[in-house]
> 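Dumping the structure here so I can ask a few things about it.
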Amino acid sequence: MTISFRYKNVKRPDGTIVKTPSIPITLIGKQTFDTIGLLDSGADSSAVPKSIAELLGLDIEGEVTFAYGIGGKVKSVESIVKLLVQKGHERYSFSIPIKIILDDYDFPILLGRAGFFDKFVITFDQENERVLLKRRTEK
């Protein structure tokens with residue numbers, strides 16, 4: 001079954017509003033957190049800010065590595081978080097690897113390729129401002 005989400009309006013730091021392929025998700029750790037995740041086909045892995053990781057009760061004391069992206073190089077810790085995507089009667093729950101960004105950056109939760117994109121066939125319908133997720137069948 002395929003689930004469809006409309007692009008979300010996001011306010012940029014300069015005040016402009018843009019539509020992004022973002023979807024509602026629930027992150028589950030020691031606590032749960034309902035939020036929006038930006039589907040980022042250019043990201044190797046998913047990323048969350050340190051403040052969200054702390055709210056979820058994730059361990060942020062692991063080995064410090066670096067994450068690289070459009071903003072350059074930032075300190076990070078690798079972890080795993082359970083993620084829930086649902087709409088209507090469709091409900092998908094699985095764990096994904098994440099990078100917890102330790103520096104104080106204000107950025108949306110990024111859903112990258114490893115652990116998320118490989119679970120779905122994803123269609124970005126830019127003209128109609130929709131993203132479609134079709135769950136892959138397990139082999």
Side-chain angles (χ1 to χ4, degrees):
M1 184 58 92
T2 301
I3 53 178
S4 172
F5 297 97
R6 289 192 178 280
Y7 281 21
K8 303 286 185 218
N9 287 326
V10 174
K11 188 174 185 178
R12 300 281 181 182
D14 67 1
T16 59
I17 304 289
V18 295
K19 293 197 177 227
T20 65
S22 299
I23 63 171
I25 58 173
T26 301
L27 299 175
I28 304 164
K30 292 180 182 171
Q31 303 290 326
T32 61
F33 183 64
D34 294 323
T35 188
I36 300 294
L38 173 64
L39 296 174
D40 187 350
S41 63
D44 294 333
S45 59
S46 298
V48 300
K50 180 174 95 172
S51 59
I52 301 297
E54 290 172 332
L55 182 124
L56 292 168
L58 300 178
D59 181 10
I60 62 170
E61 299 299 321
E63 178 184 350
V64 175
T65 59
F66 290 98
Y68 299 88
I70 196 165
K73 176 172 86 170
V74 294
K75 292 180 184 175
S76 67
V77 172
E78 294 181 3
S79 188
I80 294 176
V81 70
K82 189 170 183 181
L83 178 122
L84 173 65
V85 178
Q86 62 184 353
K87 184 175 183 185
H89 67 278
E90 296 292 316
R91 179 182 173 95
Y92 306 116
S93 180
F94 48 92
S95 294
I96 62 170
I98 59 168
K99 291 197 180 265
I100 300 167
I101 305 306
L102 298 177
D103 298 330
D104 289 328
Y105 288 104
D106 183 23
F107 67 94
I109 291 168
L110 301 178
L111 299 173
R113 293 189 313 271
F116 187 86
F117 276 59
D118 53 357
K119 300 272 193 276
F120 299 96
V121 174
I122 301 173
T123 303
F124 295 93
D125 183 352
Q126 187 70 20
E127 182 178 343
N128 294 305
E129 299 176 342
R130 289 191 166 283
V131 62
L132 306 155
L133 302 179
K134 182 178 180 182
R135 181 75 167 166
R136 291 189 185 278
T137 55
E138 299 292 328
K139 294 180 181 179

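Worth knowing before you read on, the calculation uses all heavy atoms, side chains too, and leaves out hydrogens, waters and symmetry mates.
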> Return yes when atom CG of Asp104 has more than 12 non-hydrogen atoms of other residues, nucleotides or ligands closer than 6.0 Å, and no otherwise.
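12 or below, so no.
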
> When you check the side-chain N and O atoms of Thr16 and Asp14, is any donor under 3.5 Å from an acceptor?
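Yes, because at least one side-chain N or O of Thr16 sits under 3.5 Å from a partner of the opposite role on Asp14.
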
> Are Ile101 and Ile25 connected in the hydrophobic side-chain network, where two residues link if heavy atoms are under 4.5 Å apart?
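Different hydrophobic clusters.
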
> Membership question, hydrophobic clusters at under 4.5 Å side-chain separation (ILVMFWY): are Tyr7 and Leu133 in the same one?
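Linked within one cluster.
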
> Does a side-chain heavy-atom distance below 4.5 Å link Lys75 with Phe66?
yes

> Do Ile109 and Ile60 sit in one hydrophobic cluster, given that two such residues count as connected whenever their side-chain heavy atoms are within less than 4.5 Å of each other, even indirectly?
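Shared cluster, yes.
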
> Can you tell me how the ring of Phe116 sits relative to the ring of Phe94, calling it parallel under 30°, perpendicular over 60° and tilted otherwise?
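Tilted, since the angle between the ring planes falls between 30° and 60°.
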
> Say whether, by atom type as modelled, one donor and one acceptor occur between the side chain of Arg113 and the main chain of Ser41 under 3.5 angstrom.
yes

> Look up atom OG1 in Thr65 and atom NZ in Lys99, then write down how far apart they are to the nearest 0.5 Å.
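Between atom OG1 of Thr65 and atom NZ of Lys99 there are 4.0 Å.
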
> How close do Ile98 and Val81 get, counting heavy atoms only, and between which atoms?
CG2-CG1, 3.7 Å

> Going from CD1 on Ile28 to NZ on Lys30, what distance comes out if it is rounded to the nearest 0.5 angstrom?
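Output value for this atom pair is 15.5 Å.
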
> Of the options Leu84, Ile36, Thr35, which is the one that meets Pro24 in a side-chain contact (heavy atoms from CB on, under 4.5 Å)?
Ile36

> Same cluster or not: Leu38 versus Ile52, using hydrophobic residues (I, L, V, M, F, W, Y) connected whenever any side-chain heavy atoms lie under 4.5 Å apart?
no

> Provide the closest heavy-atom pair for Lys50 versus Ile100 in the form atom of the first, atom of the second, distance.
CA-CG2, 3.8 Å

> Compare every heavy atom of Pro49 with every heavy atom of Phe107, then report the nearest pair and how far apart it is.
CZ-N, 3.4 Å

> Between Lys82 and Ser93, which heavy-atom pair has the shortest distance, and what is it?
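Taking Lys82 first and Ser93 second, the nearest heavy atoms are CE-OG, 2.9 Å.
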
> Do Lys134 and Thr123 come within less than 4.5 Å of each other through their side chains, counting heavy atoms only?
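Heavy-atom side-chain distance check fails, nothing below 4.5 Å.
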
> Quick one: closest heavy-atom pair of Tyr92 and Ile3, and the distance?
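Scanning both residues, the minimum pair turns out to be CE1-CD1, 4.0 Å.
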
> Going from CD on Gln31 to CG on Leu56, what distance comes out if it is rounded to the nearest 0.5 angstrom?
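Separation between the atoms: 8.0 Å.
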
> Please round to the nearest 0.5 Å and tell me the distance separating atom CG of Leu132 and atom CG of Asp125.
6.5 Å

> Identify whether Leu111 and Phe124 are in the same connected component of the hydrophobic contact network (ILVMFWY, side-chain heavy atoms under 4.5 Å).
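In one cluster: yes.
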
> More than 12 non-hydrogen atoms from neighbouring residues, nucleotides or ligands closer than 6.0 Å to CD on Gln86, yes or no?
yes

> Do you know the tightest heavy-atom contact between Arg136 and Phe120?
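Looks like NE-O, 3.4 Å.
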
> If I take atom CD from residue Glu63 and atom CD from residue Glu78, how far apart are they, to the nearest 0.5 angstrom?
8.0 Å

> For the atom pair OG1 (Thr26) and CG (Leu83), what is the distance rounded to the nearest 0.5 Å?
8.0 Å

> Can you confirm whether Glu90 sits close enough to Arg135 that some side-chain heavy atom of one is under 4.5 Å from a side-chain heavy atom of the other?
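No. Closest side-chain heavy atoms not under 4.5 Å.
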
> Has Arg6 got more than 12 heavy atoms of other residues, nucleotides or ligands less than 6.0 Å from its CZ?
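12 or below, so no.
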
